[in-house]
There are 2 protein chains.
Amino acid sequence: MGLRERKKEKTRLAILDAALDLFLEQGYDATTVEQIAGAAEVSPRTFFRYFSGKEHLALWYHDYGEAVMREALDSRPADEPPFTSLLHALRAVADDIQELTPEDAERFLKMRKVYEANPTLIGKAVGRAAETELRLVDAVARRTGLDPDESRLPYLVVAFAMSITRVGFECPRPEVTGVSDLAARLRETVDLAERVFVPGWDRP
Amino acid sequence: MGLRERKKEKTRLAILDAALDLFLEQGYDATTVEQIAGAAEVSPRTFFRYFSGKEHLALWYHDYGEAVMREALDSRPADEPPFTSLLHALRAVADDIQELTPEDAERFLKMRKVYEANPTLIGKAVGRAAETELRLVDAVARRTGLDPDESRLPYLVVAFAMSITRVGFECPRPEVTGVSDLAARLRETVDLAERVFVPGWDRP
DNA sequence: GTAATTTATGGCAGGGAGTGACAGATGACA
DNA sequence: TGTCATCTGTCACTCCCTGCCATAAATTAC
């Protein structure tokens, strides 16, 4: 990796960390881009080159989570029922969270606190998740050979899987003290949900 | 109803209709609040007194839908399993859509077209739905006597029900030509979903 | 090592969203 | 009719975000 790329990564993290600290200190809404940029020692204009906006910061781990999930999905056998595949993908996400570097884990937990203090952010995150859903529907449709214009099954399968994700992540209590807690809760929710569907419901 | 209230309702609808037409004409993003206010013959400042922003316009029917759903939920027997109650509430929403006045039905369908042309709007709508979810979780927790801090069941029940709603409304094809189509599809999705859960899964 | 090229950064200008404050207009009501 | 409450428009302001251009830094070629 060249000096240029390393520098970019450093600024990206500087902005992210500055933002997280400011959010926790004085609240998400009360924090301006100008402040974040100032704390990270870049110009506001540069901030927008790294992040599309304040919201983008808050959704930082979503894009990563989606990538993990889609990779995991691709690695499942093609003839597996899609819901089963998605649940495995969710477990892969849980595993991945646990393997975050200490720095990333700290960022992750800080962001979680920001979410707890700003319920409207949850809405934005869920909105972002809706876009992920559309891509997953495509993936599931391709895997099953179903046409999403004809069958509502791919939509349902994905929507249910995302519900499980959301419930696993969102529930504020009991309090989460580390990424392991969170991973455990996600796994637990997957286990719980696994038992409530009639076997084979997700087969075309 | 006094003259004052009638006038307010008229302005509200004037703004809404002006916005819908502009959205369809030149796109949601390209339409400014100033234009909407101008077309509705009010000042921009007044626009913001009626709607918190452009987004609020797009979520106009959500608040109403939530109200319908919660009323329907309240009217179900308290000892009914919560998921069953929610599915009945969804059917109530479907019934309600069908009974919209022709004017409201037209607005509803126009808004749907705007959504189709602006996928990011779906995300915002889903985000709003997330707030609805939290309120429904409370309602379900109260009905079942479950503590949402202890059991993840209320969350799951509500999240699954909302998934069904979303799938029913969102799926763009086959094309929807009237509110009856939409109501039918919602009912259809509820019927489909009803069969995929193991009986009694939602009982504490 | 130096020159040429690519790429990141900062500053500036400007549009659009959204809000608070105040003055004037208009319906409500005695 | 006169008083009161409420709605409306104007103004000024902050913040978000983008396009544009000049500068500075890293990369590559020579």
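Below, each value reflects all heavy atoms present in this structure, side chains not excepted, and no hydrogens, waters or symmetry copies. Lettering of chains follows the sequences in order, A, B, ..., and the numbering in each one begins at 1.
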Under 4.0 Å between a side-chain N/O of [X] and OP1 or OP2 of [N], yes or no?
X: A:Lys7; N: C:dA8; answer: no
X: A:Thr46; N: C:dT9; answer: no
X: A:Tyr50; N: C:dT9; answer: yes

Interatomic distance, [X] [atom1] vs [N] [atom2] [rounded to whole Å]:
X: B:Arg49; N: C:dT19; atom1: CZ; atom2: C1'; result: 10 Å
X: A:Glu41; N: C:dG10; atom1: CD; atom2: P; result: 10 Å
X: B:Glu5; N: C:dA28; atom1: CD; atom2: P; result: 9 Å
X: A:Lys8; N: C:dT6; atom1: NZ; atom2: P; result: 17 Å
X: A:Lys10; N: C:dA8; atom1: NZ; atom2: P; result: 17 Å
X: A:Asp29; N: C:dG18; atom1: CG; atom2: P; result: 13 Å
X: B:Arg4; N: C:dC29; atom1: CZ; atom2: C1'; result: 11 Å
X: B:Ile36; N: C:dG18; atom1: CD1; atom2: C1'; result: 14 Å

Examine distances only and state if a side-chain atom of [X] and a backbone atom of [Y] form a donor-acceptor pair shorter than 3.5 Å.
X: A:Thr165; Y: A:Ala161; answer: yes
X: B:Thr84; Y: B:Glu80; answer: no
X: A:Ser151; Y: A:Asp147; answer: no

For this session: Quickly, which of B:Ile97, B:Ile122, B:Ile164 forms a side chain to side chain contact (heavy atoms under 4.5 Å, CB included) with B:Phe169? Name it, please.
Result: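 Between B:Phe169 and the candidates, side chain to side chain contact (heavy atoms under 4.5 Å, CB included) is satisfied uniquely by B:Ile97.
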Exercise. Thinking salt bridges, do A:Arg91 and A:Glu194 make one under a 4.0 Å N-O criterion?
Worked result: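 Between A:Glu194 and A:Arg91 there is a salt bridge, with a charged N closer than 4.0 Å to a carboxylate O.
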Exercise. So does B:Asp79 pair up with B:Arg143, basic N to acidic O under 4.0 Å?
Worked result: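 Between B:Arg143 and B:Asp79 there is no salt bridge, as every charged N stays at least 4.0 Å from the carboxylate O atoms.
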Exercise. Considering only heavy atoms and no angle criterion, is a donor-acceptor pair shorter than 3.5 Å present between the side chain of B:Arg6 and the base of C:dG27?
Worked result: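 In this structure, the two groups form no donor-acceptor pair.
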For this session: For B:Gly2 and for B:Glu34, locate the closest nucleotide of DNA chain C by heavy-atom distance; then report the residue assigned to the nucleotide nearer the 5' terminus.
Result: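 First, find each residue's nearest nucleotide; the 5'-ward one identifies B:Glu34.
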Exercise. Could B:Lys54 and B:Tyr28 be counted as a cation-pi pair, given that NZ or CZ must be under 6.0 Å from the ring centre and within 45° of the axis?
Worked result: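 Relative to the ring axis of B:Tyr28, which defines the angle, B:Lys54 lies inside both limits.
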Problem set entry | Range on DNA chain D touched by chain B, heavy atoms, distance below 4.0 Å |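 Under 4.0 Å from chain B, the extent on DNA chain D is D:dA5 to D:dT10.
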